[in-house]
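No experiment lies behind these values; they were computed from the predicted model shown.
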Amino acid sequence: MSVLPLVFTSGWASGINAYAVVLLLGIFGATGLSDDVPESLQRPEILITAGVLFLCEAVADKIPYVDSVWDSVHTLTRPAAGAWIGALLAGQSGSLSDLAAGAIGGSTALASHTVKAGTRMAINTSPEPFSNLVMSTAEDLGVAGILTFAMFHPEAAAIIAGVLLLAGLLALFFLISRIRRFLRRRAQRREERRLAERVGQPPD
(Lines give C-alpha, C1' and ligand atoms only; values in the text may rest on other atoms or scores of the structure.)
Protein backbone atom coordinates (compact mmCIF):
# COMPACT_ATOMS: atom_id res chain seq x y z
CA MET A 1 0.00 0.00 0.00
CA SER A 2 1.33 3.45 -0.89
CA VAL A 3 2.42 5.67 1.97
CA LEU A 4 1.20 8.74 0.05
CA PRO A 5 -2.00 9.26 2.15
CA LEU A 6 0.04 9.24 5.38
CA VAL A 7 2.59 11.62 3.86
CA PHE A 8 -0.16 14.03 2.86
CA THR A 9 -1.91 13.84 6.24
CA SER A 10 1.32 14.26 8.21
CA GLY A 11 2.23 17.21 5.98
CA TRP A 12 -1.10 18.89 6.67
CA ALA A 13 -0.69 18.27 10.40
CA SER A 14 2.92 19.51 10.39
CA GLY A 15 1.77 22.87 9.07
CA ILE A 16 -0.37 23.23 12.17
CA ASN A 17 1.84 21.67 14.85
CA ALA A 18 5.01 19.97 13.61
CA TYR A 19 6.20 19.02 17.09
CA ALA A 20 2.96 17.17 17.82
CA VAL A 21 3.35 15.20 14.57
CA VAL A 22 6.91 14.14 15.38
CA LEU A 23 5.89 13.20 18.92
CA LEU A 24 2.80 11.24 17.90
CA LEU A 25 4.46 9.39 15.04
CA GLY A 26 7.36 8.48 17.30
CA ILE A 27 4.99 7.14 19.94
CA PHE A 28 3.00 5.19 17.33
CA GLY A 29 6.19 3.57 16.08
CA ALA A 30 7.70 2.91 19.51
CA THR A 31 4.52 1.24 20.76
CA GLY A 32 4.18 -0.90 17.65
CA LEU A 33 0.97 0.75 16.55
CA SER A 34 2.41 1.39 13.09
CA ASP A 35 5.17 -0.23 11.06
CA ASP A 36 5.38 2.77 8.71
CA VAL A 37 7.19 4.99 11.23
CA PRO A 38 10.98 5.00 10.76
CA GLU A 39 13.20 4.25 13.73
CA SER A 40 14.78 7.71 13.60
CA LEU A 41 11.47 9.19 14.80
CA GLN A 42 11.29 6.67 17.66
CA ARG A 43 14.61 7.60 19.27
CA PRO A 44 14.25 8.78 22.90
CA GLU A 45 16.10 12.07 22.34
CA ILE A 46 13.79 12.89 19.42
CA LEU A 47 10.69 12.11 21.49
CA ILE A 48 11.90 14.14 24.48
CA THR A 49 12.85 17.14 22.34
CA ALA A 50 9.56 17.01 20.43
CA GLY A 51 7.65 16.71 23.71
CA VAL A 52 9.33 19.76 25.26
CA LEU A 53 8.82 21.86 22.12
CA PHE A 54 5.21 20.70 21.90
CA LEU A 55 4.59 21.96 25.44
CA CYS A 56 6.17 25.31 24.55
CA GLU A 57 3.95 25.60 21.49
CA ALA A 58 0.88 24.55 23.46
CA VAL A 59 1.39 27.58 25.71
CA ALA A 60 2.54 30.16 23.14
CA ASP A 61 -0.18 29.18 20.68
CA LYS A 62 -2.95 30.16 23.11
CA ILE A 63 -1.78 33.70 23.88
CA PRO A 64 -3.07 36.50 21.60
CA TYR A 65 -0.37 38.04 19.38
CA VAL A 66 2.25 35.71 20.85
CA ASP A 67 0.72 33.01 18.65
CA SER A 68 1.26 35.13 15.53
CA VAL A 69 4.89 35.76 16.49
CA TRP A 70 5.32 32.02 17.06
CA ASP A 71 3.78 31.31 13.65
CA SER A 72 6.15 33.77 11.98
CA VAL A 73 9.15 32.09 13.57
CA HIS A 74 7.93 28.70 12.30
CA THR A 75 7.21 29.77 8.72
CA LEU A 76 10.24 27.77 7.56
CA THR A 77 10.30 25.18 10.35
CA ARG A 78 6.87 23.64 9.72
CA PRO A 79 7.23 23.12 5.94
CA ALA A 80 10.74 21.77 6.49
CA ALA A 81 9.41 19.37 9.11
CA GLY A 82 6.64 18.26 6.75
CA ALA A 83 9.18 17.58 4.01
CA TRP A 84 11.52 15.75 6.39
CA ILE A 85 8.77 13.55 7.82
CA GLY A 86 7.43 12.79 4.34
CA ALA A 87 10.87 11.74 3.11
CA LEU A 88 11.40 9.53 6.16
CA LEU A 89 8.02 7.84 5.71
CA ALA A 90 8.73 7.24 2.02
CA GLY A 91 12.15 5.81 2.79
CA GLN A 92 10.62 3.48 5.35
CA SER A 93 7.96 2.07 3.00
CA GLY A 94 9.83 2.19 -0.30
CA SER A 95 6.54 2.80 -2.15
CA LEU A 96 7.25 6.47 -2.94
CA SER A 97 10.45 8.32 -3.78
CA ASP A 98 11.96 10.43 -1.02
CA LEU A 99 12.05 13.51 -3.23
CA ALA A 100 8.38 13.25 -4.18
CA ALA A 101 7.34 12.58 -0.59
CA GLY A 102 9.38 15.53 0.65
CA ALA A 103 7.79 17.82 -1.92
CA ILE A 104 4.28 16.65 -1.03
CA GLY A 105 4.81 16.86 2.71
CA GLY A 106 6.55 20.22 2.55
CA SER A 107 4.06 21.91 0.22
CA THR A 108 1.08 20.59 2.17
CA ALA A 109 2.63 21.80 5.42
CA LEU A 110 3.28 25.22 3.90
CA ALA A 111 -0.35 25.49 2.77
CA SER A 112 -1.80 24.49 6.16
CA HIS A 113 0.69 26.74 7.96
CA THR A 114 -0.47 29.67 5.81
CA VAL A 115 -4.07 28.93 6.76
CA LYS A 116 -3.19 28.68 10.44
CA ALA A 117 -1.11 31.87 10.53
CA GLY A 118 -3.64 33.89 8.52
CA THR A 119 -6.56 32.68 10.60
CA ARG A 120 -4.75 33.62 13.80
CA MET A 121 -4.10 37.12 12.47
CA ALA A 122 -7.82 37.47 11.80
CA ILE A 123 -8.70 36.14 15.25
CA ASN A 124 -6.30 38.59 16.88
CA THR A 125 -8.39 41.45 15.48
CA SER A 126 -10.95 40.54 18.12
CA PRO A 127 -10.35 42.11 21.56
CA GLU A 128 -11.37 39.03 23.57
CA PRO A 129 -8.70 36.36 24.26
CA PHE A 130 -10.91 33.25 24.41
CA SER A 131 -11.08 32.63 20.66
CA ASN A 132 -7.32 31.97 20.61
CA LEU A 133 -7.67 29.38 23.35
CA VAL A 134 -10.60 27.67 21.60
CA MET A 135 -8.92 27.66 18.20
CA SER A 136 -5.59 26.39 19.53
CA THR A 137 -7.26 23.59 21.49
CA ALA A 138 -9.32 22.60 18.44
CA GLU A 139 -6.15 22.50 16.31
CA ASP A 140 -4.31 20.32 18.84
CA LEU A 141 -7.22 17.90 19.10
CA GLY A 142 -7.70 17.89 15.34
CA VAL A 143 -4.06 17.06 14.64
CA ALA A 144 -4.02 14.29 17.25
CA GLY A 145 -7.35 12.84 16.12
CA ILE A 146 -6.71 12.84 12.37
CA LEU A 147 -3.13 11.59 12.69
CA THR A 148 -4.30 8.75 14.93
CA PHE A 149 -7.11 7.98 12.48
CA ALA A 150 -4.50 7.90 9.68
CA MET A 151 -2.75 5.01 11.39
CA PHE A 152 -5.80 2.81 10.79
CA HIS A 153 -7.49 4.45 7.80
CA PRO A 154 -4.84 6.46 5.89
CA GLU A 155 -6.93 7.09 2.78
CA ALA A 156 -9.96 8.36 4.70
CA ALA A 157 -7.74 10.52 6.92
CA ALA A 158 -6.06 12.03 3.85
CA ILE A 159 -9.47 12.92 2.41
CA ILE A 160 -10.47 14.62 5.66
CA ALA A 161 -7.18 16.52 5.77
CA GLY A 162 -7.66 17.59 2.14
CA VAL A 163 -11.18 18.86 2.81
CA LEU A 164 -10.00 20.78 5.89
CA LEU A 165 -7.11 22.27 3.94
CA LEU A 166 -9.37 23.39 1.10
CA ALA A 167 -11.94 24.81 3.52
CA GLY A 168 -9.19 26.66 5.38
CA LEU A 169 -7.80 28.20 2.19
CA LEU A 170 -11.28 29.36 1.18
CA ALA A 171 -11.90 30.84 4.63
CA LEU A 172 -8.54 32.58 4.54
CA PHE A 173 -9.43 34.14 1.19
CA PHE A 174 -12.49 35.76 2.77
CA LEU A 175 -10.57 36.76 5.92
CA ILE A 176 -7.83 38.62 4.05
CA SER A 177 -9.95 41.76 3.77
CA ARG A 178 -10.57 41.73 7.52
CA ILE A 179 -6.87 41.36 8.21
CA ARG A 180 -6.05 44.26 5.91
CA ARG A 181 -8.67 46.50 7.56
CA PHE A 182 -7.26 45.63 10.97
CA LEU A 183 -3.71 46.47 9.88
CA ARG A 184 -4.86 49.77 8.34
CA ARG A 185 -6.78 50.74 11.50
CA ARG A 186 -3.79 49.90 13.68
CA ALA A 187 -1.45 51.98 11.51
CA GLN A 188 -3.96 54.83 11.58
CA ARG A 189 -4.22 54.73 15.37
CA ARG A 190 -0.45 54.79 15.68
CA GLU A 191 -0.28 57.82 13.40
CA GLU A 192 -3.00 59.56 15.38
CA ARG A 193 -1.16 58.94 18.65
CA ARG A 194 2.06 60.21 17.12
CA LEU A 195 0.36 63.42 15.96
CA ALA A 196 -1.32 63.87 19.35
CA GLU A 197 2.04 63.56 21.11
CA ARG A 198 3.54 66.17 18.81
CA VAL A 199 0.66 68.59 19.42
CA GLY A 200 0.93 68.12 23.17
CA GLN A 201 4.64 68.93 23.27
CA PRO A 202 5.49 72.49 24.45
CA PRO A 203 7.14 74.74 21.87
CA ASP A 204 10.94 75.14 22.01
Answer whether the closest heavy-atom distance between the side chains of T148 and F28 falls below 4.5 Å. yes
Considering all heavy atoms of both residues, which atom of P5 and which atom of P154 are nearest to each other, and what is their separation? CB-O, 3.4 Å
May I ask you to test the H74-Y19 pair for a side-chain heavy-atom distance under 4.5 Å? yes
Search all heavy atoms of A20 against all heavy atoms of V143 and return the closest pair with its distance. CB-CG1, 4.3 Å
Is the shortest heavy-atom distance from the side chain of L164 to the side chain of I146 under 4.5 Å? yes
Is there a donor-acceptor contact under 3.5 Å from the side chain of D67 to the main chain of Y65? yes
CG on L33 to CG on L24, rounded to 0.5 Å: 10.5 Å
Q188 vs R193, side chain to side chain contact (heavy atoms under 4.5 Å, CB included): CA-CA, chis, key distance, verdict: CA-CA 9 Å; Q188 184 178 0; R193 285 197 299 269; over 6 Å; no
Do the side chains of L166 and F173 join up, straight or via other hydrophobic residues, at under 4.5 Å, putting them in one cluster? no
Over all atoms of both residues, closest heavy-atom pair of S131 and I123: OG-CG2, 3.1 Å
Gap separating the OG1 atom of T119 from the CG atom of L175, nearest 0.5 angstrom: 6.0 Å
Test log, rule salt bridge (charged side-chain N to carboxylate O under 4.0 Å, His left out), inputs K116 and D61: CA-CA 11 Å; K116 173 186 172 73; D61 202 44; 3.0 Å; yes
Within a radius of less than 6.0 Å around CG of L169, do more than 12 heavy atoms belonging to other residues, nucleotides or ligands occur? yes
Do K62 and E57 meet the salt-bridge criterion of a basic N to acidic O distance under 4.0 Å? no
Side chains of I16 and H113: does their closest heavy-atom pair fall under 4.5 Å? no
Rounded distance [0.5 Å steps], OG in S112 versus CZ in R78: 8.5 Å
Within a reach of under 6.0 Å around CD1 of I176, are more than 12 heavy atoms found that belong to other residues, nucleotides or ligands? yes
Atom OG1 of T9 and atom CD1 of I160: how far apart are they, to the nearest 0.5 Å? 8.5 Å
Can you get from V115 to W12 by hopping between Ile, Leu, Val, Met, Phe, Trp and Tyr side chains that sit under 4.5 Å apart? yes
Indicate the atoms forming the closest heavy-atom contact of G82 with A109, along with that distance. CA-CB, 4.1 Å
Around M151, counting heavy atoms of other residues, nucleotides and ligands shown, do more than 12 lie under 6.0 Å from its CE? yes
Same cluster (ILVMFWY, side-chain, under 4.5 Å), F149 and V37: yes
Same apolar cluster: V7 and L110, side chain cutoff 4.5 Å: no
Nearest non-hydrogen partners of A81 and A18, listed with the distance: CB-CB, 3.7 Å
Flag, side chain of S136 to backbone of N132, donor-acceptor distance under 3.5 Å: no
Is Q42 reaching over with its side chain to a backbone N or O of I27, donor-acceptor style, under 3.5 angstrom? no
Do the side chains of I104 and V163 join up, straight or via other hydrophobic residues, at under 4.5 Å, putting them in one cluster? no
Determine whether a donor-acceptor pair (N or O, by modelled atom type, separation under 3.5 Å) exists between the side chain of T75 and the backbone of D71. yes
Reported CG-to-CZ distance for the pair L89 and F8, which is rounded to 0.5 angstrom: 14.0 Å
Would you compute the distance between atom OG of S14 and atom CH2 of W84 and round it to the nearest 0.5 angstrom? 9.5 Å
Check L47 against G26 and note the closest heavy-atom contact, atom names and distance. CD2-CA, 3.6 Å
